[in-house]
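First listed ligand is number 1; within each ligand, the first listed atom is number 1. Residues take their numbers from the sequence shown, with the count starting at 1.
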Amino acid sequence: MSSSKLTLVAPATGIVTLLSDVPDPVFAGGTLGEGIALDPLETTLHAPCDGEVVQCAKTRHALSLRSEQGVEVLLHLGLDTVELQGRGIDLLVEVGQRVKAGDPLCRFDPELLAEQASSLITPLVVTDDAGWRLRLEAGATGERVERGEALMSLTPAETSVETTTEHTGPWHERRVTLALEAGLHARPAARVRAIVKRHDAEMRLEHGSAEARGDSVSALMNLGLAEGDEVVLRARGDEAEAVLAAAAELLTTPEGVEPPNAAAPDAAVSAPVAEGEIAGLVASPGLAIGPLVAVSLPLPAVPHDGRGAAVEREALRAALERVGRSLESAREQAERQGQRAEADIFEAHLAWLDDPGLLEAAMARIEAGRSAGQAWREALDDEAEQLRATGNALLAGRVADLRDLQRHVMAEFAEAGSAPLPDVPEGAILVADDLSPSQFVDLVERAPAGLCLKGGGTTSHVAILARARGIPCLVAMGEALEGVVGECAVLDAHEGRLEPAPDEARLATIRDALRRDAERREAERAEAFEPAITRDGREVEVAANIGDSGEARLAAESGADGVGLMRSEFLFLGRQSAPDEAEQCHEYQTSLTALGGKPVIIRTLDIGADKQLPYLRLPEVPNPALGVRGVRLWHDQAALLDTQLRALLGVAPLDALRIMVPMVSEVAELAWVRERLEAVVSELGVAERPRLGAMVEVPSAALCAASLAEQADFLSIGTNDLTQYTLAMDREDPRLAARADVLHPGVLRLIQATIEGAAGRCPVGVCGAAAGDPLAASLLVAMGVDELSVEPARVAAVKAMIRRLDAASLARELPDLLAMPDAASVRRRLAEHHESAFETTTITPERIPS
Ligand code: PEP
Ligand code: MG
């Protein structure tokens, strides 16, 4: 390895996410350090460089390497993965071990993480640069990299920028008890370091005989501190008391900025239980009271012996085809209705159905004289037994799926049809050996209060379905469940226990908790579709950005208040000719219909720079980003614009449609489009005119916002291009990506100019990526934008963020923020503001006293 350059390579093949795009303010804001992130497409993470393993989180989700140059790199598998407590993650190395670049470091179960972690995006952060300078080698967000490809490099800085001050004087001391539920993991460790760096003091943390410097993230994490641990904080220097106070407050305040993943089980281990109670793993959290009702579902009866191998072979193939078709249509229907969990399960069943091994096993039994139904039954019995015998909880959790498929195919040969559902009363706590997903779906119609399974696993499909429907469920309860009775039992699927005979006091506690739970859930459910209003009373619309009508459905389901940007160019890309008027109109109409009358902003074709259409044959120019693009294109391609305007005017209702013009740099361009719109309106004899707005993504448009707003019905700030053109940093250049930050005070001043220019004239929205960046979005709201438009998947989070925000208090910081020297300073300051503001407003889920 060269000692004059350190290259950090991709730890897995994956999709790059710039650190600033990581949906976690601590990573995105650079609190832990500079770096890059990767959404891995493989299930093992490898060493990004040669080095020594200097830190492994107890919860296995994070580890750090130190290179021979002293550079420390943190690899953080997924986001919020600390809450998995190590489930689904195998560490392949230990502290002190030396590794070579490319050596495997940890393996993870992608299915479990996908279900239970908020994201698989894996940040790779240089937590200690040892005075070296970092540069990104690869990647704009969304770019694919292969394992081993260079992601970042570090070279010695010409001059050392950091000087360490020697602190002297007496040591001050504080003793605290850690209140961080997930322990001192990467995020709070980074905050401790940030506190130390802000103060003129040095600080150490001691726990037993272990000690760590407060400014070393890896040393802090290596302490392995858990909630409830006693820690001694020692500091010296001029601000020793201040650093101790800030650190003590951080360590003794429960983390609450990010709500826990609602889909994640509370715990994967059975809690100890009292006499007469039965423990189980929490597959779906919640509480229930009800009578215990045992459910057993027999397999359909099928003939045992075959009518000859050829006949049975054919019968089995035909049955598999029929079942395949019905599963496929069930999958499509689930997808249409937005029931993702169900759709995935049908997909998994289809994969089993196609499994050549299963077919072969069944065919062998047919050759041995069995009927098709019996052969299928035996083949799947064997497979289920093999899965169970692996001892792997994840595979064992799939047994219920296999049983479901077994039942489904056997029903094709059933002599007396499918087994009828047992009669269960509403509001019962159902007790069963195991349930297949389709049995579960059928039983759910009887509105059970809860579910207890002898078998199963927390990741089985029944568990997923139970979580999706909010039905409390314990699994893996074992033989203790056999013969259990209870008239009025309590299922505590927070603590993992079934109480068949609770006393009156306990019942009263649970009833009270259930009532409050129901109220809170109701409010949360309602909130996704509620307006987002800041704590100080400002209403902000949260709309969705979409690329086509399929995404319009997602937008509608997300609770979006409308569509803030439909990038119509996606209809035109990747084809041999432009879509005609009818095709376009159909796509626009489908989008409007999906939104059911909420406003839909459709941007006219934005071609040029990175988005080129082969059939337009635009001349090659040296600098396409500054060339004939966006609205400038229309003068030469007026027919394309007219066709699009006609298609747009064909939709109903027209008052829900808004047309937006991209890349406007002067008022005349918007006026020209309005003229053409008027011409098409008269040509078609349309009575209504849709509103016409302009994007503000060029500095001149921002600076002339007042005159633009006179002509426009609305403005929408495209922060992606506005940042690129303000900072003269190509948004496609990965080497500039980390610096092309919307929070640069220069960009912020243009945003402010836009809002001030439009004030009293027309509303202003933001549809660039900044609207979905929690830090930037909060500032945009404080600056006064009327609408944020983000990916459908971010709508609920952005609404929640707005509701926690005191816009006026953040607005008071604006003059200071605008005076800051760079984007990183603004990010840091905003992150601090968020932390204190959110901490006081986050509602922590209640725990039920036992
Ligand atoms: C923008 O520039 O911010 C924007 C929303 O447009 P696009 O990303 O499509 O260029
Ligand atoms: Mg743009």
Are [X] and [Y] side-chain neighbours, meaning at least one heavy-atom pair lies under 4.5 Å?
{"X": "His76", "Y": "Phe27", "value": "yes"}
{"X": "Leu708", "Y": "Val664", "value": "yes"}
{"X": "Gln584", "Y": "Thr643", "value": "yes"}

Item to complete: For the pair Asp816 and Arg829, find out whether any cationic side-chain nitrogen is under 4.0 Å from an anionic carboxylate oxygen.
Response: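 Salt bridge between Asp816 and Arg829, a charged N being under 4.0 Å from a carboxylate O: yes.
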Discussion item. Assess whether a salt bridge exists between Arg147 and Glu42, defined as any Lys/Arg side-chain N lying under 4.0 Å from an Asp/Glu carboxylate O.
Written reply: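 Salt bridge flag = yes for Glu42 with Arg147.
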Worksheet entry | Under 2.8 Å from the Mg ion (ligand 2), the protein N, O or S atoms, given as residue and atom |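 You should have found Glu697 OE1, Asp721 OD2.
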Fill in: Side-chain (Arg691) to main-chain (Leu657) donor-acceptor, under 3.5 angstrom
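Checking the backbone N and O of Leu657 against the side chain of Arg691, no donor-acceptor pair under 3.5 Å is found.
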Item to complete: For ligand 1, would you mind listing the residues that have at least one heavy atom less than 4.0 Å away, ordered by chain and number?
Response: Leu565, Arg567, Arg603, Lys611, Met695, Glu697, Gly718, Thr719, Asn720, Asp721, Arg731, Cys767, Gly768
Worksheet entry | By side-chain contact (heavy atoms from CB on, under 4.5 Å) - contacts of Ala552 (at least two apart) |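 Residues passing side-chain contact (heavy atoms from CB on, under 4.5 Å) with Ala552: Ile546, Ser591, Ala594, Leu595.
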Worksheet item: What pairs with Pro699 under side-chain contact (heavy atoms from CB on, under 4.5 Å), at least two apart in sequence or on another chain?
Response: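 Pro699 satisfies side-chain contact (heavy atoms from CB on, under 4.5 Å) with Leu722, Tyr725, Thr726, Leu750 once adjacent residues are dropped.
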Discussion item. Please find the pair of heavy atoms, one from Ala647 and one from Glu581, that lie closest to each other, and give the distance.
Written reply: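 So the minimum-distance heavy-atom pair works out to CB-O, 3.5 Å.
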